[in-house]
Amino acid sequence: ATAGEETPFYARGVLTWGWYPELGHCNPPDDVIRREIEGAKKLGFNLIKFCLWVPSHRFLELMQEAGLWAWIELPLWDPSADAGCQEQMATEIERIAKQYAHHENVALWTCGCELHETTSAAYRKGLYDSVKSAVGGASLVKDNSGSAEMYGGDLREFGDFYDFHPYCDTCFYPEVLDSLLIGPRRQMPILLGEFNDIDVH
């Protein structure tokens, strides 16, 4: 880019669920983290998405040293519709965001995964507002990874980008992607928070 121009950032991420069966927990030692980081970079990825779990602070520090970005998808999936439970979950989500807000390489946050009819638009907006407030303006925040639109929930969306999980049979993939184009939607970046999973091959 020339002086004064911004260089576009294209997120090319690999997703992890923190699955370390050989350890029995999701807090790997430095050598395992470094091996994962090196493997991701060799394959051309510039980001790691932490899906429904929160990595150690050390994991994010090692990623920053290596020039890798992070996407934290806060651990909320298929929640109870009980108002008391939802209030407790919202409090926990905000606390996690405040604990991790100082990591400069966390570029993206999502407040949950594939939230649907059990979470109202007002509840998802509250999640977005609290996380956005906790992490500040530098990070992009979305109320729901996958979007309520794709999971049968209220169609209203809250966030700084669109996030879809276009799972389908491979032969239908072009049509599904076409259906997710901006069209009548507000102009914002579109990210595919999950796609290309093994079940579509």
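Quick note: numbers below take in every heavy atom, side chains included, and nothing from hydrogens, waters or symmetry partners.
- When atom types are taken as modelled, the side chain of D143 and the backbone of K125 share no donor-acceptor pair closer than 3.5 angstrom.
- Using a 4.5 Å heavy-atom cutoff, the side chains of L177 and P166 are in contact.
- F195 has its ring centre no less than 6.0 Å from the ring centre of F164.
- Between I48 and F45 there is no side-chain heavy-atom pair separated by less than 4.5 Å.
- Taken together through direct or relayed side-chain contacts under 4.5 Å among Ile, Leu, Val, Met, Phe, Trp and Tyr, F59 and L23 form part of one hydrophobic cluster.
- Side-chain contact annotation: K49 with S145, donor-acceptor N/O pair under 3.5 Å present.
- Other residues, nucleotides and ligands contribute over 12 non-hydrogen atoms within 6.0 Å of the CD atom of E61.
- Side-chain contact, Q64 with H103: no donor N or O sits under 3.5 Å from an acceptor N or O.
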Can you list the steps and then say if W109 with E73 is a side chain to side chain contact (heavy atoms under 4.5 Å, CB included)? CA-CA 6 Å; W109 296 80; E73 180 181 89; over 6 Å; no
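- Checked by atom type and distance alone, the side chain of W53 pairs as donor or acceptor with a backbone atom of T16 at under 3.5 Å.
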Could you please spell out the steps behind the side chain to side chain contact (heavy atoms under 4.5 Å, CB included) verdict for H165 and C113? CA-CA 10 Å; H165 294 180; C113 180; 3.9 Å; yes
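- The shortest distance between side-chain heavy atoms of R58 and D30 falls below 4.5 Å.
- Checked against side chain to side chain donor-acceptor pair (under 3.5 Å), D82 has no partners two or more places apart in sequence or in another chain.
- Hydrophobic clustering (ILVMFWY, side-chain heavy atoms < 4.5 Å, transitive): I190 and M188 are in one cluster.
- The residues K98 and E94 are annotated as salt-bridged, a charged nitrogen and a carboxylate oxygen being separated by less than 4.0 angstrom.
- With sequence neighbours excluded, the residues satisfying side chain to side chain contact (heavy atoms under 4.5 Å, CB included) with Q86 are M89, T119, Y123.
- Using a 3.5 Å distance cut-off with no hydrogens or angles, the side chains of E194 and Y167 do pair a donor with an acceptor.
- In this structure a side-chain-to-backbone donor-acceptor pair under 3.5 Å is missing from D154 to E117.
- Hydrophobic cluster membership for F161: F9, L47, W69, W71, L108, L140, L191 (Ile, Leu, Val, Met, Phe, Trp, Tyr linked by side-chain heavy atoms under 4.5 Å, directly or transitively).
- No hydrogens or angles considered: nothing links the side chains of N46 and Y10 as a donor-acceptor pair under 3.5 Å.
- The shortest distance between side-chain heavy atoms of L115 and L76 falls below 4.5 Å.
- For the residue pair F158 and A121, the shortest heavy atom distance occurs at CE1-O, 3.2 Å.
- Between G18 and C26 the shortest heavy-atom distance is O-CB, 3.3 Å.
- Between E65 and I37, every side-chain heavy-atom pair lies at or beyond the 4.5 Å cut-off.
- In this structure, L52 is not a member of the same hydrophobic cluster as L74, with clusters built from ILVMFWY side-chain heavy atoms closer than 4.5 Å.
- A 4.5 Å side-chain heavy-atom check between S139 and V131 finds every atom pair outside the cut-off.
- Put simply, the side chain of V135 reaches to within 4.5 Å of the side chain of V141, judged on heavy atoms.
- Of the possible polar contacts, one joining the T118 side chain to the P79 backbone as a donor-acceptor pair under 3.5 Å is found.
- Proximity of a side-chain donor or acceptor of S133 to a complementary backbone N or O of S130 within less than 3.5 Å is not detected.
- Judged purely by atom type and a 3.5 angstrom limit, R124 uses its side chain to pair as donor or acceptor with the backbone of R156.
- Contact of the P55 side chain with the M63 side chain is not registered, since no non-hydrogen atoms from C-beta on lie closer than 4.5 Å.
- Judged by distance alone, the side chain of Y162 and the main-chain N or O of L192 form no donor-acceptor pair under 3.5 Å.
- Between the side chains of H116 and D78, at least one donor N or O sits under 3.5 Å from an acceptor N or O.
- Taking the six-membered ring for Trp and thresholds of 30 and 60 degrees, Y100 and H57 have nearly parallel ring planes, at less than 30 degrees apart.
- Salt-bridge formation is detected for the pair K142/E157: a Lys NZ or Arg NE/NH1/NH2 atom is positioned less than 4.0 Å from an Asp or Glu carboxylate oxygen.
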